[in-house]
Amino acid sequence: HIRTGEADRIPRRGPEAHQQLQERALSAAASAVDRHNLALAELRAEVMEDLNAPERKKLYRVCGTPMLAEVFEYLEEDAAGCYLNEMDLQKAASVIAALDTDTAAGVLHEIDKERRTLLIEMLPADIRREIRMIASFDEDEIGSKMTTNCIIIRENLSIKQAMNEL
């Protein structure tokens with residue numbers, strides 16, 4: 001769907017017009033998919049909160065790590081910590097490894113020290129290092145709120161190229 005005024009900027013014919021229309025259609029479709037996926041993850045988090053412990057344990061067994069990690073990103077950290085305690089150690093470690101580092105650190109803070117230590121030791125070294133760095137800050141320090149995620153875009157890219165890189 002082309003908004004009013006955009007049609008003037010698209011050549012009326014030729015391969016360039018076709019390519020621009022294709023790029024806009026793909027971009028619109030990708031945005032719609034992203035919005036749909038976010039809504040699904042939020043819905044799954046709400047559903048998870050409505051399940052009892054035996055039902056959640058069945059869910060942990062049948063759901064893959066990527067889906068569980070996506071749901072955990074939408075849960076309150078205390079609830080996520082509770083759910084993490086319900087999982088076997090291997091599944092819990094794989095979910096923690098798939099979370100954003102700041103989320104993982106926050107969720108780990110919600111579980112008992114002995115289990116937290118076991119889970120951290122099961123993580124890959126790079127993730128373990130990042131979580132320990134974030135966890136080294138007190139809760140009232142800004143470092144405890146940071147993330148280790150970083151986006152690097154070369155300065156010689158056009159805006160369009162940079163957006164495609166993302």
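Source: prediction; values computed, not measured.
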By side-chain hydrogen bond (donor to acceptor under 3.5 Å, both in side chains) - contacts of Thr117 (at least two apart): none
Can you tell if the side chain of Ile131 reaches within under 4.5 Å of the side chain of Ile96, non-hydrogen atoms only? yes
Do Leu119 and Ile111 come within less than 4.5 Å of each other through their side chains, counting heavy atoms only? yes
Inter- and intrachain pairs under salt bridge (charged side-chain N to carboxylate O under 4.0 Å, His left out), touching residues 72-98, at least two apart: Arg56-Glu86
Does the side chain to side chain contact (heavy atoms under 4.5 Å, CB included) test come out yes or no for Met87 and Leu68, once each step is laid out? CA-CA 11 Å; Met87 291 181 194; Leu68 287 172; 4.3 Å; yes
Taken in chain and number order and not counting sequence neighbours, the residues that satisfy side-chain contact (heavy atoms from CB on, under 4.5 Å) with Asp50 are none
Report the residues that fulfil side-chain hydrogen bond (donor to acceptor under 3.5 Å, both in side chains) with Glu121, sequence neighbours left out, ordered by chain and then residue number. Arg132
What I'd like to find out is whether the side chain of Met67 reaches to under 4.5 Å of the side chain of Phe72, using heavy atoms alone. no
Check whether any side-chain heavy atom of Arg116 sits under 4.5 Å from a side-chain heavy atom of Ile120, and report yes or no. yes
Measure the shortest side-chain to side-chain distance between Leu59 and Leu51 over non-hydrogen atoms and say whether it is less than 4.5 angstrom. yes
Are Glu49 and Leu75 packed together at the side-chain level, in the sense that at least one heavy-atom pair is separated by less than 4.5 angstrom? yes
For Thr103, is there any backbone N or O sitting under 3.5 Å from a side-chain donor or acceptor partner on Asp100? no
Kindly write out the residues that satisfy side-chain hydrogen bond (donor to acceptor under 3.5 Å, both in side chains) with Asn85, not counting sequence neighbours, or none if the list is empty. Arg115
Heavy-atom closest pair, residues Thr65 and Ala98: CG2-CB, 3.9 Å
Looking at residues at least two apart in the chain, or sitting in another chain, which of them share a side-chain hydrogen bond (donor to acceptor under 3.5 Å, both in side chains) with Arg128? none
Between Ala97 and Ile127, what is the shortest heavy-atom contact and its length? O-CD1, 3.5 Å
